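Read through the structure below, which is laid out as structure tokens, and then see the notes.
Everything numeric in this text was worked out from a predicted model, so none of it was measured.
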2 protein chains.
Amino acid sequence: MINKPVTIYDIAKKLNLAPSTISRGLKRHSSVSHRTQERIIKTAEEMGYRANTFAINLRNRKTSTIGIIVPKLNSYFMSQVIAGIEGVVNNAGYTLLISQSLEDVSKEIINVQTMFDNRVAGLLVSLAENTKETSHFNRIQKQGIPVLFFDRTPMGNDLPAITINNESAGYKVTKHLIEQGAKRIVHITGNQLSNVYRERLAGYRRALQEFKLPFDTQNVLINDLSEQAGIDAAHSIIKLMADGVFVANDHCAASCMHELKHSGKKIPEDIVIAGFNNDMISRIVDPALTTVDYPGFQMGELAAKNLLAHIAERIDINLTSNIILKTPLLIRASSVRKI
Amino acid sequence: MINKPVTIYDIAKKLNLAPSTISRGLKRHSSVSHRTQERIIKTAEEMGYRANTFAINLRNRKTSTIGIIVPKLNSYFMSQVIAGIEGVVNNAGYTLLISQSLEDVSKEIINVQTMFDNRVAGLLVSLAENTKETSHFNRIQKQGIPVLFFDRTPMGNDLPAITINNESAGYKVTKHLIEQGAKRIVHITGNQLSNVYRERLAGYRRALQEFKLPFDTQNVLINDLSEQAGIDAAHSIIKLMADGVFVANDHCAASCMHELKHSGKKIPEDIVIAGFNNDMISRIVDPALTTVDYPGFQMGELAAKNLLAHIAERIDINLTSNIILKTPLLIRASSVRKI
DNA sequence: GAATAAAATGCAATCGATTGTAATAAATAA
DNA sequence: TTATTTATTACAATCGATTGCATTTTATTC
């Protein structure tokens, strides 16, 4: 047997009061006598009353929902970010509406509309790799809804974002590999439309230049950074006779290293290798993988806190300067040449 | 400058029509002339009209939102499940409201209320480890909202659920290790309030019994299955002089194996080891980890499809028999003794 | 006890979209 | 041309909670 949800009208009828009194009583408004407040709250409890969020949102013209749009949900890094966001947001009494663009702008555009339709109080976005411009966020921003980008952020315009310094991190990794004696370093990275991968490549180039090593486009392998891509890349690396590899994420780096070992290469003696993210896997592979610490959980928390602050204080989020997280290089066995 | 969202009243005023005509015209209701339909849709587009979801939900007394409650968002397995759910649900025009219980019933209870407050059309749940009974789902179920459990499901009562046969999987793993010559097998597992870990242990015991191996509570290590727990467990395993290890998840198994190797143990010569889940990590560690294939993505898809079918057809979900996914044993180098 | 102040409660409009029914306009038949 | 049917469009109530203002009840003062 299905019974309908209880409304303030049901409570009002039961207590012989006006709905408005119930509404005020439930939130302990001072204009309702204390005795009545207690009666209202008690019977509301008894009847199993739960406020209808839509009615509230409709009337108040705003929600307690935060939207998230990410390229892909199924990655360890992203699950960390989302867990961080959920913790903060939930604590503040907000709920989370989540969607993935599957690395496709057209779906991203639809997702933004859905978020708008649901009148989210704020939006956290990590862009799809083929998102070239961000005009699809214009309408939602014009409504005064703060939009905060993280990780994969828009290029050019200065929209508020939380990122790491990918260029500097790429530089640090490459420099380290060079210092360990690598002369021919292959860089495995992702779609160059994405700021993240473009900047890491830029850092890689800067380090090469600084140490007067030639830059060769052949040494830059662009793929989807998947497990399989790492295996394929390993074979290219051997053909290229490289002695160093800088991979733009740990999963791909781990599978690449695995394949290199199976092909008879010694790590780090023959080839030094480094990844990116400090995923769990980087600590467990053998040898442990040198990587860049990219704290997803903290990034999620920071992004959420920032967004909530803007919602609460009604400060225009576009006035915020970008936030850049520190990303220390974690040197492990995969890149340290025994002397 | 912030401009307010456009409503059907705005469109009505502009076109000198009644709001009801706009409402019908937008969905191409046959009672609105074709010419008017076009005019309405065109100006709606021009004015940037987007329907207010709350008004619709309030009026229709239902939503297009699916709720998810999971113990923890930050695990690779769960991110796979959620990605699977998101794909199906989004395709069907639904949105996803996500929350985590952080393995705590009290938060789970609050999350269920929030889901109810948001009048989700259906709810997908994986229980917190300390959830002993499920009465907090009663109210939402009484409202006719289908609740479907997955992975961590309630014990005892026959609520609809999608699971794997954990007992059988645990049995298969243990049997395999025994067949590889292991005589003293340690089982590392999680909180025994959770069906998942309890049943895997049961399977482990059944296999021991079948092969007339003694069951010793000392050999069952219960912890949080974390990376650190794996390291700690490795030392216990050495003390216990075990020659086989069955770990209830791959992450923990990988870190345990890593530590065992560092302590001088040869895998699989000295100790055979198997994990659970078929996470990416199981394929990359050296030696590759024997494990049970637990397809999170597919489970998510299946759960979502099932739930949507029940919402669409308005069939009482409690009439469904439980769905049990197949979980093949993937035998890899970590458990195969060279002859 | 009447007048006034203060406290408590009620009325009614509002948020934006939906939908049964009434009203009007257009088309057809007589 | 008038009557009748059919195609369009408008009206108004509804979903559930909120809130400014009016009204009623209670407390205080003279």
Practice problem: For the helix from C:dG1-D:dC30 to C:dA30-D:dT1, measure the angle between the helix axis at one end and the axis at the other, each built from five pairs, rounding to 10°. | Solution: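 Roughly 60° between the end axes, to the nearest 10°.
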
Practice problem: Not counting sequence neighbours, which residues clear ring-ring contact (aromatic ring centres under 6.0 Å, His included) with A:F149? List them please. | Solution: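 A:F137.
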
Report which part of the nucleic acid [X] touches: base, sugar-phosphate, or nothing (heavy-atom distance under 4.0 Å, all strands).
X	answer
B:S31	base
B:R59	base
B:N60	sugar-phosphate

Quiz item: Got a sec? Which of residues 7-26 of chain A come in under 4.0 Å of DNA chain D, heavy atoms?
Solution: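 Contacting residues: A:T7, A:I8, A:Y9, A:S20, A:S23, A:R24.
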
Quick check: does any side chain N or O of [X] sit under 3.5 Å from a backbone N or O of [Y], one acting as donor and the other as acceptor?
X	Y	answer
A:R119	A:F116	yes
A:T114	A:I110	yes
B:S75	B:M78	yes

Quiz prompt | Along DNA chain C, first and last positions that approach a heavy atom of chain B under 4.0 Å | solution =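 So the contact region on DNA chain C extends C:dG16 to C:dT21.
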
Show the nearest heavy-atom pair for residues [X] and [Y], with the distance to one decimal.
X	Y	result
A:Q100	B:A83	NE2-O, 3.3 Å
A:D10	A:P5	OD2-O, 3.9 Å
A:G84	A:E301	O-CG, 3.6 Å
B:V120	B:I66	CG1-C, 4.3 Å
A:V6	A:I11	CG1-CG1, 4.2 Å
A:R152	A:S194	CD-OG, 3.1 Å

Could you pull out every donor-acceptor pair under 3.5 Å between side chains of residues 30-41 of chain B and any protein atom, sequence neighbours left out?
{"unit_1": "B:S31", "atom_1": "OG", "unit_2": "B:H29", "atom_2": "ND1", "d": "3.0"}
{"unit_1": "B:S33", "atom_1": "OG", "unit_2": "B:T36", "atom_2": "N", "d": "3.3"}
{"unit_1": "B:S33", "atom_1": "OG", "unit_2": "B:T36", "atom_2": "OG1", "d": "2.6"}
{"unit_1": "B:Q37", "atom_1": "OE1", "unit_2": "B:R28", "atom_2": "NH1", "d": "2.7"}
{"unit_1": "B:Q37", "atom_1": "NE2", "unit_2": "B:H29", "atom_2": "O", "d": "3.1"}
{"unit_1": "B:Q37", "atom_1": "NE2", "unit_2": "B:V32", "atom_2": "O", "d": "3.1"}
{"unit_1": "B:E38", "atom_1": "OE2", "unit_2": "B:R28", "atom_2": "NH1", "d": "3.4"}
{"unit_1": "B:E38", "atom_1": "OE2", "unit_2": "B:R28", "atom_2": "NH2", "d": "3.1"}

Self-check item: B:R28 CZ - D:dT9 P separation (whole Å)
Solution: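 These atoms are roughly 14 Å apart.
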
Self-check item: Spacing of B:I40 atom CD1 relative to D:dT8 atom P, expressed in whole Å
Solution: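 So the CD1-P distance, B:I40 to D:dT8, works out to 13 Å.
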
Quiz prompt | Test side chain to side chain contact (heavy atoms under 4.5 Å, CB included) applied to B:V196 and B:N191, B:D151, B:T163, B:T153, the passing residue | solution =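 Checked B:N191, B:D151, B:T163, B:T153 against B:V196; only one passes side chain to side chain contact (heavy atoms under 4.5 Å, CB included): B:D151.
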
What pairs of nitrogen or oxygen atoms, one from the protein and one from nucleotides 23-27 of chain D, lie under 3.5 Å apart?
none

Quiz prompt | Residue whose closest nucleotide on DNA chain D lies nearer the 5' end, B:T36 versus A:T53 | solution =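 Mapping each residue to its closest nucleotide by heavy atoms, the 5'-most match is B:T36.
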
Quiz item: Quick one: do A:K107 and B:E86 make a salt bridge, cutoff under 4.0 Å?
Solution: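 Salt bridge between A:K107 and B:E86, a charged N being under 4.0 Å from a carboxylate O: yes.
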
